[in-house]
Amino acid sequence: MPVLYGTDVSSSLLLGTAQYPSPKVLSDAIKASGSDILTVSLRRESAGSGAGGRFWELIRDLDVRVLPNTAGCHSVKEAVTTAKMARELFGTDWIKLEVIGHHDSLQPDIFALVEAARILHQDGFKVFPYTTEDIIVGEKLLEAGCEVLMPWCAPIGSARGPVNPDALRAYRAHFPGIPLVVDAGLGRPSHAAEVMELGFDAVLLNTAVARAGDPVVMARAFAQAVEAGRLAFEASPLEPRDMAVPSTPVIGMAVFE
């Protein structure tokens, strides 16, 4: 299981908490997933509302670790301010850092992301940056103080799965000792198994579970897929071949006349 900022994590599935049809479904799905880290989006306008207070109470009752995020932020200043508010509200220095640069694809602004990560690291935060699969950006984030990298495999909420598995494979190979979490774009349990087979340490997803016909069953399916993918990676699966290879030996076979 992954170790994130010195903390042993019991599950390689990190789950978001938005868009569920009801608090009960959210609670049941989290329990079915086995996840012990939940991402929570902080909105300034709702942080002190009665509904917001009931939501935070539900999350606390689940006895899991909260990973606040800066979802919806589009500038360094906005992301840093949101992170500081989240630290006060949740009492944690963990933060999932999002600085969105493109409204349609929700691709991160990598320049602002690195700058915000550096500022937050200097302020004592343990930063989980939502980034692209660009290796150079990953190196800059490590230089800024990040100890975990969270590349996307497709745009947020697209459910497309890994659109560039070769890039993800290269990313994993380039950062062999760094905890890597695939974040965004996973739509099916098979997508999660695929990236875990590449050697990633965990996946983070929200929409694929929350918007499923049965979020509780889908959460369980993702949990099993993540485990299967990790086991497959550890077992060293066969690489694809260009030609057929018989599974039964042909040398020494009996000849009947």
Side-chain angles (χ1 to χ4, degrees), residues 1-2 4 9-43 46-47 49-72 86 89-90 92 94 96 98 100 105-106 128 130 150-163 181-197 200-232:
M1 292 301 167
L4 307 177
V9 178
S10 64
S11 172
S12 290
L13 176 59
L14 285 64
L15 210 56
T17 56
Q19 304 183 56
Y20 287 83
S22 72
K24 184 180 188 308
V25 171
L26 168 61
S27 178
D28 290 346
I30 292 168
K31 293 173 183 176
S33 74
S35 178
D36 59 351
I37 297 180
L38 304 180
T39 62
V40 176
S41 176
L42 177 67
R43 297 291 184 178
S46 63
S49 68
R54 290 191 294 273
F55 174 76
W56 310 142
E57 184 177 348
L58 181 152
I59 297 300
R60 284 193 295 268
D61 288 345
L62 290 169
D63 192 28
V64 294
R65 181 148 195 158
V66 172
L67 176 60
N69 69 38
T70 61
L89 180 61
F90 296 108
T92 178
W94 281 23
K96 178 189 171 186
E98 296 183 24
I100 301 302
S105 68
L106 300 180
F128 293 69
Y130 161 63
M150 301 178 66
W152 69 352
C153 73
I156 294 173
S158 67
R160 295 173 62 189
V163 296
V181 181
V182 171
D183 176 20
L186 298 168
R188 298 175 182 271
S190 57
H191 297 157
E194 182 178 354
V195 297
M196 292 298 291
E197 286 177 3
F200 283 82
D201 299 282
V203 300
L204 194 164
L205 53 96
N206 187 152
T207 309
V209 170
R211 304 298 291 175
D214 189 329
V216 178
V217 173
M218 187 62 75
R220 187 178 304 117
F222 267 103
Q224 294 174 358
V226 167
E227 182 179 2
R230 184 64 192 182
L231 287 173

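Note that the structure is a prediction, hence the values are computed from the model and not measured. Along the sequence shown, the residues carry numbers beginning at 1.
Side-chain contact between Val181 and Phe128 is absent, with no heavy-atom pair separated by less than 4.5 Å. Between Leu13 and Val203, some side-chain heavy-atom pair lies under the 4.5 Å cut-off. Using a 4.5 Å heavy-atom threshold, the side chains of Leu14 and Thr39 count as separate. Here the side chains of Leu4 and Trp94 are in contact, with some heavy-atom distance below 4.5 Å. Taking 4.5 Å as the limit, every side-chain heavy atom of Val64 sits out of range of all side-chain heavy atoms of Ser35. The shortest side-chain heavy-atom distance between Leu38 and Val66 does not fall under the 4.5 Å cut-off.
Within the structure, every pair that satisfies the salt bridge (charged side-chain N to carboxylate O under 4.0 Å, His left out) test and touches residues 210-232, not counting sequence neighbours, is listed here: Arg230-Glu234. For residues 18-28, the pairs satisfying salt bridge (charged side-chain N to carboxylate O under 4.0 Å, His left out) are Lys24-Asp28, with sequence neighbours left out. Pairs of residues two or more places apart, or lying in two chains, that qualify as side-chain hydrogen bond (donor to acceptor under 3.5 Å, both in side chains) and include a residue from residues 150-162 are Glu133-Trp152.
No more than 12 heavy atoms of other residues, nucleotides or ligands sit less than 6.0 Å from atom CZ of Arg188. For CG of Asp63, the number of neighbouring non-hydrogen atoms (other residues, nucleotides, ligands) closer than 6.0 Å is 12 at most.
Residues satisfying the ring-ring contact (aromatic ring centres under 6.0 Å, His included) criterion with Tyr20, sequence neighbours excluded, are absent altogether. Evaluation of the side-chain hydrogen bond (donor to acceptor under 3.5 Å, both in side chains) rule for Asp183 yields Lys96 as partners, not counting sequence neighbours. Shown here are the salt bridge (charged side-chain N to carboxylate O under 4.0 Å, His left out) partners of Asp36, two or more places apart in sequence or in another chain: there are none.
Met1 and Ser10 make their closest contact through SD-O, 3.5 Å (heavy atoms, listed as atom of the first residue, atom of the second, distance). Here the closest non-hydrogen pair linking Pro215 and Ala29 is O-CB, 4.0 Å. When all heavy atoms are compared, the tightest approach of Ala18 to Asn206 is O-ND2, 2.9 Å. Of all heavy-atom pairs between Ser33 and Ser11, the closest is O-OG, 4.3 Å. Here the closest non-hydrogen pair linking Gly161 and Ala154 is O-CB, 3.4 Å. Here the closest non-hydrogen pair linking Glu197 and Ala232 is CG-CB, 3.8 Å.
Interatomic distance, CG of Leu62 versus CD1 of Ile30, reported as 5.0 Å (0.5 Å rounding). Rounded to the nearest 0.5 Å, atoms CD1 (Ile100) and OH (Tyr130) are 5.5 Å apart. Note that OG1 of Thr207 and CD1 of Ile156 are 8.5 Å apart. Values are rounded to the nearest 0.5 Å. Here the CG-CG distance, from Asn69 to Leu204, works out to 8.5 Å after rounding to the nearest 0.5 Å.
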For this session: Check step by step if side-chain contact (heavy atoms from CB on, under 4.5 Å) holds for Leu106 and Glu98.
Result: CA-CA 10 Å; Leu106 300 180; Glu98 296 183 24; over 6 Å; no

For this session: Determine, stepwise, if the pair Val40 / Phe90 fulfils side-chain contact (heavy atoms from CB on, under 4.5 Å).
Result: CA-CA 10 Å; Val40 176; Phe90 296 108; 3.8 Å; yes

Exercise. Are Ser12 and Met196 close enough, and set up right, to give a side-chain contact (heavy atoms from CB on, under 4.5 Å), and what steps lead you there?
Worked result: CA-CA 9 Å; Ser12 290; Met196 292 298 291; 3.9 Å; yes

